[in-house]
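What follows is a short report on a single structure.
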Amino acid sequence: MSVFSKEYCEKMRVRIDCGNMLAEAVGKHGITAEEISEMLPRAEGAFAGVEKKHGEMRWRLLPETQLEILPAVEEAAEFVRSKADNFVILGIGGSALGPIAVHRALNHLYHNDLPSEKRKSPRLFVEDNVDPERMAALLDVIDTDRTVFNVITKSGSTSETMAQLLIITRMLIDRYGEEGLRDHLIATTDKQKGNLIGIAKKYNLRTFIIPDGVGGRFSELCPVGLVAAAVGGADVRALLAGAGYMDELCSNADVKRNPGLMLALLEIIAAEKHGANIGVLMPYADSLKFMADWYAQLWAESLGKKLVKDGKVLRFGQTPVKSLGVTDQHSQVQLYTEGPFDKVITFIGVDKYRSEVTIPHSFDDIADVAFLSGHSFNELIKSEQMATEYAVTRSGHMNKTITLPVVNPFTIGELLYFFEIQTAYAGELLNINAFDQPGVEEGKNATYAMLGKHGYDEKRRELDSAKPKKAEYIF
Ligand code: PA5
């Protein structure tokens, strides 16, 4: 049961405006009322499908179930905050992008660069690559005496994460002994699958379990994201409450009263009937910049699928593109207004930014510059967002706007959950499995084979027998 009042929830409600998806707003490249009517039976089926799988889609239960683990999350966060200047996540994909997005949304935009007396929590580093230069660089900037690592892997076997873990544990054991490992390493993984859980038990590590039925990209609201958010000082109860509130808002069988279902429906109509196979997410807030990265994974990995559930070939996929307002007005918006009608643009706006910056009078004698004086950055960014929405709409391109009253843990919880449920509805509308990732697994298996993992000999032979590329095309 949420401790947030009805009034608070209403005040913090994320607003969604999809009027500019319609033909009446953008003209012939927009969606018609008939197209929506035709899709209603599919929308009903999608709603029923998601409801039926409530138990299987355990990420839907996280706003409630994770309340139980908050004391442990807070204990771990307190331990990290008291012990460390650096908190380093070792993880990739769904084990990395959520923590990055939430950290960016809720902390100082130059968090790691703040002097320690101004920084209220450890610096955060999320190591989601195996570029050797990056690992070397990390080790140059952290003092391991004052660092806690959190290794996150649902499968407990992802090569990149396990390779990082091997490096870090070797270093930690050499420096602090096996008994010192617990002071520097937290493990977040499945309760039995993979190798990490065994390692965690062997070294008595603080361990967080990723619940069953919660896949990587749907895992931000379980320990994967909650521990990092709590270390950063975020109110994790509010994060969960915001998600729970959005679950309520998206629980209506009537598509006109269910924003998650409505937006999923519009995206699918846009793709299927209007060839809009690109989805641009353009937040007008630096704090939400990495929300677009998180969303790109969620949408691409969940819906980019070859087969429908009965095995027929579909080859669906809307390519997500990350964009940032206003920065990308000066790079991509030309394409969004005058380019082909192959995309839907989703703007994310914020009513009230957490800082107010007024533009002073410095050059009142230069009329072309002086008009800005007396206004604020707050007005400028809002005006530019509205101007871009206007230009995109006028050019006939489908678009929609999501508005956060303010960026805080509650609204971020809403936003995360909104995108998750929209993705689940889209998967049901398409009759695909939005929760698997055979394409990603294929790459993981090929990596195992190339590096000689036991049991992957067959795959290795397959790779070795691949046809050589034509020499004349190699320069
Ligand atoms: O969404 C997913 O399932 C993937 O992106 C995974 O998060 C990613 O492959 C990392 O997997 P794991 O957490 O098992 O290491």
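Read the numbers this way: they start at 1 and go in the same order the structure lists the ligands and their atoms. Heavy-atom basis, side chains included; hydrogens, waters and symmetry copies ignored.
- Judged by distance alone, the side chain of K305 and the main-chain N or O of E301 form a donor-acceptor pair under 3.5 Å.
- The closest approach between a heavy atom of S95 and any atom of ligand 1 is below 4.0 Å.
- Ranking the protein heavy atoms by distance from atom 9 (O) of ligand 1 puts K444 NZ, 3.2 Å first.
- Protein heavy atom at the shortest distance from atom 6 (C) of ligand 1 is G94 N, 3.9 Å.
- The aromatic ring centroids of F149 and H184 lie 6.0 Å or more from each other.
- Residue L124 holds its CG atom at 12.0 Å from CZ of R104, rounded to the nearest 0.5 Å.
- The ligand atoms of ligand 1 that sit less than 4.0 angstrom from a heavy atom of R217 are 1 (O), 2 (C), 3 (O).
- The pair E267-K400 meets the salt-bridge criterion, since a charged nitrogen lies less than 4.0 angstrom from a carboxylate oxygen.
- With Q437, E160, E301 as candidates, the residue nearest to atom 4 (C) of ligand 1 on a non-hydrogen basis is E301.
- Within ligand 1, the atoms closer than 4.0 Å to a non-hydrogen atom of Q297 are 1 (O), 2 (C), 4 (C), 5 (O), numbered from 1 in the order shown.
- Within ligand 1, the atoms closer than 4.0 Å to a non-hydrogen atom of I92 are 7 (O), 8 (C), 10 (C), numbered from 1 in the order shown.
- Ion pairing between R175 and D145 fails under the 4.0 Å rule for side-chain N and carboxylate O.
- With salt bridges taken as basic N to acidic carboxylate O contacts below 4.0 Å, none links E160 and K444.
- Below 4.0 Å from some heavy atom of T158 lie the following atoms of ligand 1, by number and element: 11 (O), 12 (P), 14 (O), 15 (O).
- Near K154, the atoms of ligand 1 lying under 4.0 angstrom from a non-hydrogen atom of the residue are 12 (P), 13 (O), 14 (O).
- Residue G215 has no nitrogen or oxygen atom sitting less than 3.5 Å from a nitrogen or oxygen atom of ligand 1, judged on distance alone.
- Sparse packing is recorded around CZ of R257, with 12 or fewer heavy atoms of other residues, nucleotides or ligands lying under 6.0 Å away.
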